[in-house]
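Working notes for the structure below.
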Amino acid sequence: RIVRTHGGALAHRDGEELPIGVKENLRQGEKMRIAAVAAAMIQDGETILLDSGSTTGEIAKQIRQLRLGGINVITNALNIAVTLANAPNVRLVMLGGVLRPNSYSLSGPQAESALAGLQADRLFLGVDSLDPDVGLMTPHVLEAQLNAQMIRSARRVIAVADSSKLLRRNLSVIARVEQIHTLVTDDGANAEIVAALRGRGVEVVIVSPRGIEAR
C-alpha cells in the first residue's frame, strides 16, 4: 500500500512506477552485492551495454572502481551516463531517444536506431519482472523493444534482478528466459524458480552478505 522512504512514506498503487530515486533506496544492500558480482565479470577492453535501472546504476558505480586499462560503455540511462562521464577508464556512448523522467531512461526509435550499428561483449539488463514460463518483462512497451534489441546486440546477456522481481508479471515481454545466459540475484530467491531457470539453461548466481552462495 505504501513505500517507506527516508523521512516518510509514499502511497503506492499496483502497476504504478516508482521514481528512480525511491527505487535506489529499496533493497539497497542486495542491489549493491548483485552489482559487485556483476561488475567483476567485466574484462579489460570489453564493450558493455548497461540498461537503465537502480541495479545497473549500482554497476556503474562499481565500474568506476575497476582497475582496467579501458572499456566502452553504451547506455540509455542519464543517471548512469552522469556516473561514468568522467571515469578515466571508460569511453561512454549515450543512446538518444525519448526521456522517461521517472527512470531517467531514453527509448524509442532514435535509441533503437543508434543501437543498430553497435555490438557489445556483455549486456547487463535490469528487469522489472521475471517469470520462467513467460520471460523477462517491463511495464513499458518502448523499453521492451529497446531491451530486445540490446539482447540481439550482445554476445552475453546478464540479467540483474533482486529476488522481489522473480515470479512477477508485467505488461511487455522483453525476451524468453532462454535468451539470457546468466541471472545474478540475491539469496531471497525462491528455490523452485532458481531450479526452473537452471533447467532452461540459465546460469543463476546467488549472492548474499557472505558472498556467492551458488553458481
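- Val173 belongs to a hydrophobic cluster with Val134, Met137, counting contacts under 4.5 Å between side-chain heavy atoms of Ile, Leu, Val, Met, Phe, Trp and Tyr, direct or through other members.
- In this view, Asp162 and Arg27, Ser164 satisfy the side-chain hydrogen bond (donor to acceptor under 3.5 Å, both in side chains) rule, not counting sequence neighbours.
- Remark: the backbone N or O of Leu106 is paired with a side-chain donor or acceptor of Asn76 at under 3.5 angstrom.
- Looking at residues two or more places apart in sequence or on another chain, you find no side-chain hydrogen bond (donor to acceptor under 3.5 Å, both in side chains) involving Arg176.
- Looking at Asn86 and Arg64, their side chains do bring a donor and an acceptor atom within 3.5 Å of each other.
- To the nearest 0.5 Å, the span separating CD1 on Ile59 from CG on Leu84 amounts to 11.0 Å.
- Closest heavy-atom contact between Val160 and Ala38: CG1-CB, 4.0 Å.
- No donor-acceptor pair under 3.5 Å is formed between the side chain of His181 and the backbone N or O of Arg156.
- Cluster membership for Leu197 and Ile151, using ILVMFWY side-chain heavy atoms within less than 4.5 angstrom, is shared.
- Here the straight-line distance linking atom CG of Asn147 with atom OG of Ser52 works out to 7.0 Å at 0.5 Å rounding.
- Following chains of ILVMFWY side-chain contacts shorter than 4.5 Å, one can reach Leu130 starting from Ile206, so the two form part of one hydrophobic cluster.
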Test Arg100 against Glu143 for salt bridge (charged side-chain N to carboxylate O under 4.0 Å, His left out), laying out the working first. CA-CA 10 Å; Arg100 185 158 60 81; Glu143 287 196 8; 2.5 Å; yes
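- In this structure a side-chain-to-backbone donor-acceptor pair under 3.5 Å is missing from Asp187 to Ser208.
- Here Thr47 pairs with Asn72 under the side-chain hydrogen bond (donor to acceptor under 3.5 Å, both in side chains) rule; sequence neighbours left out.
- Remark: Arg152 engages no residue in a side-chain hydrogen bond (donor to acceptor under 3.5 Å, both in side chains) (not counting sequence neighbours).
- Phe124 and Met32 fall into different hydrophobic clusters, defined by Ile, Leu, Val, Met, Phe, Trp and Tyr side-chain heavy atoms under 4.5 Å apart, directly or through other members.
- Side chain of Ser113 to backbone of Pro109: no donor-acceptor contact under 3.5 angstrom is found.
- Taken from CG in Leu49 to CE in Met150, the straight-line distance is 5.5 Å, to the nearest 0.5 Å.
- With hydrogens and angles disregarded, a donor-acceptor distance shorter than 3.5 Å links the side chain of Thr185 to the backbone of Ala161.
- We find the OG-CD distance between Ser172 and Gln145 to be 8.0 Å, quoted to the nearest 0.5 Å.
- Counting only distance, with no hydrogens or angles, the side chain of Asp186 and the backbone of Ser163 share a donor-acceptor pair below 3.5 Å.
- What you find for Pro132 and Ile193 is that their closest heavy atoms are CG-CG2, 3.9 Å.
- Within the 3.5 Å criterion, the main-chain N or O of Gly126 finds no donor-acceptor partner in the side chain of Thr55.
- Side-chain N/O atoms of Lys61 and Thr83 include no donor and acceptor closer than 3.5 Å.
- Partners of Arg200 according to the salt bridge (Lys or Arg N to Asp or Glu O under 4.0 Å) rule, which considers only residues two or more places apart in sequence or in another chain, are Asp133, Glu178.
- With hydrogens and angles disregarded, no donor-acceptor distance shorter than 3.5 Å links the side chain of Gln65 to the backbone of Gln62.
- Ser105 OG to Leu95 CG: the interatomic distance, rounded to the nearest 0.5 Å, is 11.0 Å.
- Cluster membership for Val82 and Ile71, using ILVMFWY side-chain heavy atoms within less than 4.5 angstrom, is not shared.
- Heavy atoms from other residues, nucleotides or ligands lying under 6.0 Å from CZ of Arg168 number more than 12.
- Looking at Thr138 and Asn170, their side chains never bring a donor and an acceptor atom within 3.5 Å of each other.
- Note on Ile212: it clusters hydrophobically with Val184, by side-chain heavy-atom contacts below 4.5 Å among ILVMFWY residues.
- Considering only heavy atoms from C-beta on, Asn190 stays 4.5 Å or farther from Leu166 through its side chain.
- The CD atom of Glu58 lies 11.5 Å from the CZ atom of Arg33; values are rounded to the nearest 0.5 Å.
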